[in-house]
Amino acid sequence: MTERVLAGVPASPGTAFGEVRHLDAGDEIDATILDEAARPAAAKRALEALARSAHELEDLAATLRAEGRTGEADILDAGMMMAEDPVLVEAVESAVLARGLPAASAIRVEVEAIAAQLDMIGDPELAARAADVRSLARRASRLAHGDAAPADRSTDRDAILVASDLGPADVIELDGEVRGIALAVGGVTGHAAIVARGLGLPMVVGVGQDLLSLAEGELCIVDGDRSVVIASPDQEHVDTVRQAMVAVRESRARAVAARALPTVTRDGRAVRVLANAATPTEVRAALEAGADGVGLLRTELAFLEAQHWPTVAEHRRSLNPTLSQLKGLTATVRLLDFGGDKTPPFLKGVYGRGIELLLDDTDALSWQLEAILDTGDETELRILIPMVTEPSQVRAVRAAIEPIAARRGNRVPLMAAMVEVPAAAVMADRIAPEVGMFSIGTNDLTSFQLGIDRTRPGGSPAHHPAVLQLVADTVDAARAAGIPVEVCGEAASNPLVMPLLVGLGIDELSVGAAAVARVRAWVRALDYGEASRIARRALNAESAAEVESLERPLRLLLDDAG
Ligand code: PEP
Ligand code: MG
């Protein structure tokens with residue numbers, strides 16, 4: 001077959017190569033109408049399949065909970081409750097007894113009716129639930145067929161899973177069994193995509209119905225970076241991806257082996273490496289890779305579909321699965337950073353961003369602070385304030401948290417200001433006395449300083465001298481106040497920028513879970529003295545391109561480190 005390239009939407013980065021396995025294979029509705037005599041037994045089989053699905057999901061949820069993956073367990077609990085829902089049970093029974101549908105078909109037809117209703121409402125949150133419901137149908141109809149597990153799991157080692165849509169339970173069960181995932185529909189904010197990202201499984205979604213016509217066993221590449229699926233790729237493509245996969249596997253193995261080593265440069269400067277996270281799975285992966293804790297918890301990502309400011313209970317439910325894994329470790333919880341491309345429906349038409357929005361609604365701020373103090377009680381808690389532009393904003397957050405902490409008998413945690421608009425870097429000397437730490441968000445800082453869209457392809461040049469100068473000014477102000485500085489933007493894991501950040505005196509780097517091990521190795525490979533000298537020269541360069549030529553020797557060191 002000739003090579004075909006199908007475009008989709010990137011849901012989880014990385015590249016994988018393997019044989020197409022259709023999750024939905026054999027799931028067609030069987031049009032047979034059963035004899036009256038066969039119906040009672042078929043109805044019994046259908047109801048038993050639903051009950052067994054509920055048990056399987058319950059067991060899976062218990063295993064996840066024991067591993068601290070409470071958020072994912074909660075999602076499975078919802079599937080379990082659906083399998084036991086009397087309305088569904090009655091509808092399935094009647095589809096077999098009254099209409100003569102075979103057991104598996106009755107389950108598929110009745111569950112699909114519920115999923116279609118959820119789809120029709122047109123709410124992205126409910127559309128994600130529809131995927132969860134369909135996942136239950138797959139499980140129960142498989143059991144009604146008499147299959148204990150999805151077919152051919154043992155041969156799925158180099159499989160690319162192809163399906164119309166997936167529920168999170170499917171992805172969690174597939175962990176370690178497939179190399180990549182491609183979906184005809186599905187969204188990047190769906191649970192399946194979130195779980196895939198956490199597990200480091202490359203995934204492309206929204207490829208369209210053409211995807212489902214790929215042949216079972218056909219060779220295929222899922223490229224989550226370029227958001228394409230390549231069916232029957234030519235040999236050159238295959239070789240490139242194979243090499244990349246081997247390199248990733250080897251470097252992961254090396255990294256795990258090295259996770260006990262301290263992150264100290266060759267000449268003895270300690271630089272802490274923490275993780276950016278939004279889900280419990282990312283926290284688990286980051287800790288496995290040796291992260292010192294979480295340097296940025298993006299709390300707003302759990303509420304992008306919210307219809308109102310999250311309540312204390314909603315914040316608690318969202319925070320608990322992550323913070324419960326961080327007992328005794330650094331947990332830097334950022335206050336909701338709504339606005340811009342992270343505007344939930346209830347804030348549509350409202351201008352402002354980050355702390356400015358929260359300070360407009362004092363209840364909203366207090367609710368989140370209350371939940372953070374509650375769930376982060378046993379962590380080394382730090383509260384991170386997004387989009388700070390002046391010291392009064394930090395004082396306002398402190399004024400809100402002090403009475404809550406006093407009422408609860410908690411101490412007031414360390415307050416940290418994000419430096420991600422140039423105003424904060426320029427005013428760093430005046431903000432520093434109000435906080436216990438700075439965290440530089442190079443994603444927004446670069447975009448605002450250089451006037452470029454942070455989502456443009458190819459990323460943004462945080463190594464531009466004008467951005468590096470803001471970093472240097474922030475470090476100077478922090479040194480004068482005796483507080484540490486973290487960088488939590490993508491630059492912290494970019495080989496072009498990270499050595500310069502270390503050279504400018506950054507104390508902590510917070511990076512995506514999948515980059516933790518690599519960045520730890522980079523710190524150990526660097527010489528702080530040399531990085532400092534080059535970074536100081538970079539401040540006087542005229543362009544990002546000139547900085548690149550200056551810092552080439554540092555990058556070569558990182559290449560060798562992995
Ligand atoms: C940043 O701006 O660099 C940052 C870390 O915040 P976010 O990417 O969540 O805007
Ligand atoms: Mg930001």
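Atoms within each ligand, like the ligands themselves, are counted from 1 in listed order.
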Note to self: Is the ring pair Phe338/Trp309 parallel, tilted or perpendicular, if the boundaries are 30 and 60 degrees?
What the structure shows: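 Plane angle between 30° and 60°, so tilted.
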Notebook entry, point to check: Among the heavy atoms of Glu490, does any lie under 4.0 Å from an atom of ligand 1?
Noted result: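 Contact absent.
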Note to self: Below 4.0 Å from ligand 1: does a non-hydrogen atom of Met387 turn up there or not?
What the structure shows: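 No, Met387 has no heavy atom closer than 4.0 Å to ligand 1.
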Check: In the protein, what heavy atom is nearest to atom 10 (O) of ligand 1, and what distance, to one decimal place, separates them?
Finding: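 Answer for atom 10 (O) of ligand 1: Arg454 NH1, 2.8 Å.
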Note to self: Counting non-hydrogen protein atoms only, what is the nearest one to atom 6 (O) of ligand 1? Give residue, atom name and distance.
What the structure shows: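 Checking every protein heavy atom, the shortest distance to atom 6 (O) of ligand 1 gives Arg334 NH1, 3.0 Å.
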Check: Atom CZ in Arg316, atom OG1 in Thr311: separation rounded to 0.5 Å?
Finding: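 Rounded to the nearest 0.5 Å, the CZ-OG1 separation comes to 8.5 Å.
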Notebook entry, point to check: What is the distance from atom CG of Leu323 to atom OG1 of Thr375, rounded to the nearest 0.5 Å?
Noted result: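 That separation rounds to 4.5 Å.
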Thinking salt bridges, do [X] and [Y] make one under a 4.0 Å N-O criterion?
X: Arg537; Y: Glu546; value: no
X: Arg226; Y: Asp223; value: yes
X: Glu551; Y: Arg555; value: yes
X: Arg334; Y: Glu300; value: yes
X: Arg408; Y: Asp377; value: no
X: Asp337; Y: Lys342; value: yes

[X] neighbourhood, listing ligand 1 atoms whose heavy-atom distance to it stays under 4.0 Å:
X: Arg353; answer: 10 (O)
X: Gly441; answer: 1 (C), 2 (O), 3 (O)
X: Cys488; answer: 5 (C)
X: Thr442; answer: 3 (O)
X: Asp444; answer: 1 (C), 2 (O), 3 (O), 10 (O)

Item checked: Within reach of ligand 1, part of Leu296 (heavy-atom separation under 4.0 Å) ->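 Only the side chain of Leu296 comes within reach of ligand 1.
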Next item on the list: Pick one of side chain, backbone, both or neither for how Glu486 approaches ligand 1, counting any non-hydrogen atom pair under 4.0 Å.
Entry: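 The answer is neither.
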Notebook entry, point to check: Taking N or O atoms only and a 3.5 Å limit, does Asn443 qualify as a polar contact for ligand 1?
Noted result: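 Yes, Asn443 has an N/O under 3.5 Å of an N/O on ligand 1.
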Checklist line | For the student: nearest non-hydrogen atoms of Arg259 and Glu288, plus distance | finding: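 The pair with the smallest heavy-atom distance is NH1-O, 2.7 Å.
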Item checked: Whether over 12 other heavy atoms sit under 6.0 Å from Glu378 CD ->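 Atom CD in Glu378 is not packed in, count stays at 12 or less.
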Next item on the list: Run through the protein N/O/S atoms less than 2.8 Å from the Mg ion (ligand 2) and write them out by chain and number.
Entry: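 Counting only protein N, O or S atoms under 2.8 Å from the Mg ion (ligand 2), the list reads Glu420 OE1, Asp444 OD2.
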Item checked: Side chains of Asp473 and Gln469, donor plus acceptor under 3.5 Å ->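 Distance-only check passes for Asp473 and Gln469.
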